[in-house]
Amino acid sequence: MKLATFNINGIKARGEALAAWLAEAAPDVVCLQEIKSVDEAFPREGLEAIGYRVETHGQKGFNGVAILSKLPLRDLRRGLPGDDGDEQARWIEAVVEGPRPLRICGLYLPNGNPAPGPKFDYKLAWMARMEARVRELLASEEPFVCLGDYNVIPQAEDAKKPEAWVTDALFLPESRAAFHRLVNLGLTDAVRARMPGPGVYTFWDYQAVAWERNNGIRIDHVLLSPQAADRLQEVGIDKAVRGKEKPSDHVPVWVRLAD
DNA sequence: ATGGTAGCGCTGCTA
């Protein structure tokens with residue numbers, strides 16, 4: 001089973017780029033972030049026509065996540081538990097009904113800038129809530145995968161210019177510590193495990209010719225539960241997508257697990 | 001130190 005995460009930065013602006021990548025990569029399950037659309041406006045028909053079930057958790061203008069799946073889904077959940085007052089659409093979860101069931105968590109972790117400030121506080125609180133959800137899932141001993149835009153640069157080698165990020169919420173010690181706490185619960189960073197850095201990136205800013213200079217960062221991650229890690233076969237980053245027409249500033253990251 | 005780009009949606013916010 002091939003699972004991918006792709007921050008598409010606006011589903012309405014990315015229809016062609018998404019369709020072209022799906023045709024080439026043929027993932028079974030895709031977690032999308034930053035759909036920037038309400039559920040009713042999500043262009044689902046074209047995706048359904050090529051065999052994907054579409055589940056969205058959107059909001060107006062910003063954020064928004066979705067799951068595309070060629071396989072049936074059950075136990076669909078929208079929103080990260082732990083704060084009933086949180087209106088931001090950043091978490092979607094479901095169990096994929098393959099030969100062996102697999103739980104998928106698609107996430108768009110808060111950016112957190114500027115730091116310090118309320119947005120950074122929200123990021124850290126959100127990460128604490130995610131840790132609580134991951135602890136629950138680990139206790140259940142079911143296989144699961146958390147895919148998405150984590151907005152965290154885990155280590156200096158995950159940035160072309162780490163010195164440019166030292167005061168940024170993506171690289172501040174508190175953000176990195178929270179990410180490492182999550183991983184150290186017993187998850188496997190699939191890209192780190194199979195594609196050791198430096199020089200492995202998933203995001204290049206639109207500004208300052210970052211792509212042309214390969215001034216990237218690694219912030220899109222796939223974390224595997226122990227039972228899912230046992231099934232890991234292959235990992236990839238579809239970097240070429242960033243060089244095509246009207247690209248997202250992120251590229252797809254994928255894993256292949258034994259069925 | 002500044003400003004550089006893109007998406008959404010219509011003004012400025014978010015990243």
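Labels below follow one simple rule: chain letters A, B, ... track the order of the sequence lines, proteins then strands, and each chain is numbered from 1.
- A close approach under 4.0 Å does occur between a side-chain nitrogen or oxygen of A/R14 and OP1 or OP2 of B/dG7.
- Taking atom P in both B/dT2 and B/dA6, one finds a spacing of 23 Å when rounded to whole Å.
- We find that OH of A/Y122 is positioned 15 Å from C1' of B/dA15, with the value rounded to whole Å.
- Near DNA chain B, meaning a heavy atom under 4.0 Å from it, residues 201-215 of chain A has A/Y206, A/Q207 in order of number.
- Between A/E34 atom CD and B/dT5 atom P there is a gap of 19 Å when expressed in whole angstrom units.
- By the ring pair (Phe, Tyr, Trp, His ring centres under 6.0 Å) test, A/F144 pairs with no residue at all, sequence neighbours left out.
- Scanning for ring pair (Phe, Tyr, Trp, His ring centres under 6.0 Å) contacts around A/F6 gives A/W21, with sequence neighbours left out.
- Nucleic acid contact for A/R242: none, since no nucleic acid atom lies under 4.0 Å from a heavy atom of the residue.
- B/dG4 and B/dA15 have their C1' atoms separated by 13 Å, with the value rounded to a whole Å.
- Residues satisfying the salt bridge (Lys or Arg N to Asp or Glu O under 4.0 Å) test with A/E40, not counting sequence neighbours, are none.
- Under the rule for a ring pair (Phe, Tyr, Trp, His ring centres under 6.0 Å), the partners of A/W204 that lie at least two apart in sequence or sit in another chain are A/W211.
- The side chain of A/K60 lies closest to B/dC10, out of B/dC10, B/dA15, B/dC8.
- Qualifying ring pair (Phe, Tyr, Trp, His ring centres under 6.0 Å) partners for A/F203, counting only residues two or more places apart in sequence or in other chains: A/H250.
- Close to B/dA6, at under 4.0 Å from its OP1 or OP2, lies no side-chain N or O of A/K246.
- In this model, no donor atom of one side chain and acceptor atom of the other lie less than 3.5 Å apart for A/S248 and A/N9.
- Between the P atom of B/dA15 and the CD1 atom of A/I219 lies a distance of 11 Å, rounded to the nearest Å.
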